[in-house]
Trainee: 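So that we are looking at the same thing, I have put the structure below in structure tokens.
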Amino acid sequence: MKVLVIGSGGREHALVWKLKQSPLVKKIYAAPGNPGTAAIAENVPIDSLDAGRLKDFALKNKIDLTIVGPEAPLALGLCDLFRTNKLAVFGPSKKAAQLEASKVFAKSLMVKYDIPTADYRAFDALDEAVRHVKQGKPPFVIKADGLAGGKGVIICKETDEAVVALNAMMSGAGRVLIEEFLEGEEASFLAITDGRAIAPLAPAQDHKTIFDGDKGPNTGGMGAYSPARIVTPAIEKEIMQTIIRPVVDALQSEYIPFCGVIYAGLMIVNGRPKTLEFNARFGDPETQPILMRLDEDLAGLLLLAAQGRLRERPLRWKDNASACVVMASEGYPGEYTKGAEITGIKEAEAEENVKVFHAGTAMKDGKLVTAGGRVLGVTAQGHGLREAVDAAYKAVEKIHFKGAQFRRDIGKKGL
Ligand code: AMP
Ligand code: GLY
């Protein structure tokens, strides 16, 4: 079959890399893709938000399955347009994608269906929000109600800080959520669903902040590994029973069936999972280590989900571990530099258990250069997490570009 992957990040490179291994797949296109996908598939120069041209491309080229990577095209209704045109697509409708795009939608759904999450209140008026924090007890978690690339959350240890944050966030016409602060360890739990059947993916752990020891501002994710030790089999069972199954069923009973990936960002509080947020897509960088361990035909699996024919069964996994270390541009997650030459990828990939996924890269005058905040996802597998992490860092050492920054503690919590 012919497959189209939409997006241009490390997640999309990993999807293309995994799809490429499927005997079912004859041809893969990536729109717009990156230099990593160009090496193994055909890049199509259409922006991931250009729904009309993507649909035309899929019709003209008789694409059998389209897989949408990022959240923005989902929130704009790309999958609705594809379905209207009888094109098989893996990803939720615009309405279902609200699970990620609107925190108010997600929170109301969780409350209505008793899905464990932090207590919260939503505010449209600044003075009411300020009064709320002045009467409450810090820390406060303040969230903007919309897509913010993982950067729309401020945790305030003091009331004054919360007032400043509210003023900044609500100066335009902003709605905010003020949440109870949950203390624990985070995990990412992803599951493929066709709206009814669910195939859970192996648990993973992301590293949200830019600096070691979970310090500094939040990023899109600086590294991930799988499996995540914090998610024991008992906790995994509880996640499925109290969070994933209920949310899939809730959306179904609200007449908003969800086809795609349900990604629960969790806080494990005293051994009990609570939902911090839902995403409506594969995680980035979690997808990189997860797909490295998946022992299934991804194309077949996602096609069944897109067709509403997913069979509920446990997926097969390699009995190993994997880790992804993100190398980012100087200045990220703030203003960052671009255009630095990247060397050493070939040397890094000389080891059979290493794969370097491109994210923010570009070709310029025949050279590979940096072109985004997160540049590469250096991913490795090993018998255990220690081996995977060591292999990933050994590979990182071989890769160079000016100002490269990466965390040195990826996977540490799992060791
Ligand atoms: P979100 O975009 O909602 O996942 O939030 C981004 C990050 O903020 C999360 O990965 C957590 O580290 C942190 N966070 C969000 N909500 C809470 C909460 N209620 N309690 C503690 N930390 C939170
Ligand atoms: N790794 C965080 C995300 O994909 O949202």
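Counting starts at 1 for both ligands and their atoms, in listed order.
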Trainee: Any non-hydrogen atom of Tyr263 lying under 4.0 Å from ligand 2?
Mentor: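 Yes, that is the case, since the closest heavy atom of the residue is under 4.0 Å from the ligand.
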
Trainee: Please state whether the rings of Phe123 and His132 are parallel, tilted or perpendicular, taking 30° and 60° as the class boundaries.
Mentor: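 It falls in the tilted class, 30° to 60°.
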
Trainee: Please compare Asn218, Thr275, Leu276, Asp206 and report which has the shortest non-hydrogen distance to atom 7 (C) of ligand 1.
Mentor: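 Result: the heavy atom closest to atom 7 (C) of ligand 1 is in Asn218.
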
Trainee: Can you sort out which atoms of ligand 1 are near Glu277, meaning under 4.0 Å from one of its heavy atoms?
Mentor: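 Going through ligand 1 atom by atom, the ones under 4.0 Å from Glu277 are 1 (P), 2 (O), 3 (O), 4 (O).
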
Trainee: Can you give each donor-acceptor pair under 3.5 Å made by side-chain atoms of residues 284-294, sequence neighbours left out, with the distance rounded to 0.1 Å?
Mentor:
{"residue": "Asp284", "atom": "OD1", "partner": "Gln288", "partner atom": "NE2", "Å": "3.0"}
{"residue": "Asp284", "atom": "OD2", "partner": "Arg11", "partner atom": "N", "Å": "3.3"}
{"residue": "Glu286", "atom": "OE1", "partner": "Asp284", "partner atom": "N", "Å": "3.4"}
{"residue": "Glu286", "atom": "OE2", "partner": "Ser188", "partner atom": "OG", "Å": "2.7"}
{"residue": "Glu286", "atom": "OE2", "partner": "Tyr263", "partner atom": "OH", "Å": "2.7"}
{"residue": "Thr287", "atom": "OG1", "partner": "Gly283", "partner atom": "N", "Å": "3.4"}
{"residue": "Thr287", "atom": "OG1", "partner": "Gly283", "partner atom": "O", "Å": "2.4"}
{"residue": "Arg293", "atom": "NE", "partner": "Asn320", "partner atom": "O", "Å": "2.8"}
{"residue": "Arg293", "atom": "NE", "partner": "Asn320", "partner atom": "OD1", "Å": "3.3"}
{"residue": "Arg293", "atom": "NH1", "partner": "Ser226", "partner atom": "OG", "Å": "3.0"}
{"residue": "Arg293", "atom": "NH2", "partner": "Lys318", "partner atom": "O", "Å": "3.1"}
{"residue": "Arg293", "atom": "NH2", "partner": "Asn320", "partner atom": "O", "Å": "3.2"}

Trainee: In terms of side-chain heavy atoms, does Arg407 have a donor or acceptor partner in Thr209 at a distance below 3.5 Å?
Mentor: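 Indeed, the side chains of Arg407 and Thr209 share at least one donor-acceptor pair under 3.5 Å.
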
Trainee: Number the atoms of ligand 1 from 1 as they appear, then name those within less than 4.0 Å of a heavy atom of Lys208, with their elements.
Mentor: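 Going through ligand 1 atom by atom, the ones under 4.0 Å from Lys208 are 10 (O).
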
Trainee: Looking only at distances, can you tell me whether any N or O atom of Leu182, backbone or side chain, sits closer than 3.5 Å to an N or O atom of ligand 1?
Mentor: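 N/O-N/O distance under 3.5 Å: yes.
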
Trainee: Can an N or O of Asp284 be found at a distance shorter than 3.5 Å from an N or O of ligand 2?
Mentor: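 It does: an N or O of Asp284 is found under 3.5 Å from an N or O of ligand 2.
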
Trainee: Just to be sure I'm reading this right: ignoring hydrogens, which of His207, Glu100, Lys143, Glu179 gets closest to atom 15 (C) of ligand 1? Compare them by their nearest heavy atoms.
Mentor: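 Heavy atom nearest to atom 15 (C) of ligand 1 belongs to Lys143.
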
Trainee: Could you tell me if the side chain of Ile342 sits less than 4.5 Å from the side chain of His400, heavy atoms only?
Mentor: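 Side chain of His400 against side chain of Ile342, heavy atoms only: no contact under 4.5 Å found.
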
Trainee: List every atom of ligand 1 that sits less than 4.0 Å from any heavy atom of Lys103, numbering the atoms from 1 in the order shown and giving each element.
Mentor: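 With Lys103 as reference, the close atoms of ligand 1 come out as 2 (O), 3 (O).
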
Trainee: Salt bridge (charged side-chain N to carboxylate O under 4.0 Å, His left out) with Lys107: which of Glu180, Glu179, Glu277?
Mentor: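 In the set Glu180, Glu179, Glu277, the residue that makes a salt bridge (charged side-chain N to carboxylate O under 4.0 Å, His left out) with Lys107 is Glu179.
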
Trainee: For ligand 2, which atoms sit closer than 4.0 Å to a heavy atom of Gly220?
Mentor: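 Per the distance check, 1 (N), 2 (C).
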
Trainee: Can you find a heavy atom in the side chain of Val378 that is under 4.5 Å from one in the side chain of Met327?
Mentor: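 Val378 reaches Met327 side chain to side chain.
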
Trainee: Would you call the rings of Tyr29 and Phe57 parallel, tilted or perpendicular, taking 30° and 60° as the class edges?
Mentor: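 Correct class here is perpendicular.
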
Trainee: Could you list the atoms of ligand 2 found under 4.0 angstrom from a heavy atom of Asp206?
Mentor: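 In order of numbering, the contacting atoms are 1 (N), 2 (C).
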
Trainee: Is Glu286 in polar range of ligand 2, meaning some N or O pair under 3.5 Å apart?
Mentor: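 Among all N and O atoms of Glu286, at least one is under 3.5 Å from an N or O of ligand 2.
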
Trainee: Should the heavy atoms of other residues, nucleotides or ligands under 6.0 Å from NZ of Lys2 be counted, would the total exceed 12?
Mentor: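 Yes, because the 6.0 Å sphere around NZ of Lys2 holds more than 12 heavy atoms from other groups.
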
Trainee: So His207 and Tyr225, would you call those rings parallel, tilted or perpendicular, with 30° and 60° as cut-offs?
Mentor: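 Tilted: the ring planes of His207 and Tyr225 meet at 30° to 60°.
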
Trainee: What atoms in ligand 1 come closer than 4.0 Å to a heavy atom of Phe181?
Mentor: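 Every atom of ligand 1 under 4.0 Å from some heavy atom of Phe181: 20 (N), 21 (C).
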
Trainee: If you measure from each non-hydrogen atom of Glu183 to ligand 1, which part falls under 4.0 Å: side chain, backbone, both or neither?
Mentor: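 For Glu183, there is no contact with ligand 1 at all, from either part.
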
Trainee: Report the residues that fulfil side chain to side chain donor-acceptor pair (under 3.5 Å) with Thr66, sequence neighbours left out, ordered by chain and then residue number.
Mentor: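 By the side chain to side chain donor-acceptor pair (under 3.5 Å) rule, Thr66 matches no residue at all.
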
Trainee: Going by the atom numbers of ligand 2, which of them fall below 4.0 Å from some non-hydrogen atom of Gly283?
Mentor: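 Near Gly283, meaning under 4.0 Å from one of its heavy atoms, ligand 2 has 4 (O).
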
Trainee: Relative to the ring of Phe406, is the ring of Tyr393 parallel (under 30°), tilted (30 to 60°) or perpendicular (over 60°)?
Mentor: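 Tilted: the ring planes of Tyr393 and Phe406 meet at 30° to 60°.
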
Trainee: Say whether Gln381 and Glu387, considering side chains only, have a donor N or O and an acceptor N or O under 3.5 Å apart.
Mentor: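 Glu387 and Gln381 do not have a side-chain donor-acceptor pair below 3.5 Å.
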
Trainee: Report, in ascending order of atom number, the atoms of ligand 2 lying under 4.0 Å from any heavy atom of Pro285.
Mentor: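 Matching atoms, with element in brackets: 1 (N).
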
Trainee: Would you mind running through ligand 2 and noting each atom that sits below 4.0 Å from a heavy atom of Asn279?
Mentor: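 So the answer, numbered in order with elements, is 5 (O).
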
Trainee: For atom 5 (O) of ligand 2, which of the options Arg281, His207, Glu100, Met222 provides the nearest non-hydrogen atom?
Mentor: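 That would be Arg281.
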
Trainee: Numbering the atoms of ligand 1 from 1, which are under 4.0 Å from a heavy atom of Glu186?
Mentor: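 Numbered from 1, ligand 1 contributes 9 (C), 10 (O), 11 (C), 12 (O).
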
Trainee: Just jot down the ligand 1 atoms closer than 4.0 angstrom to any heavy atom of Ala118, in number order.
Mentor: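 In order of numbering, the contacting atoms are 19 (N).
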
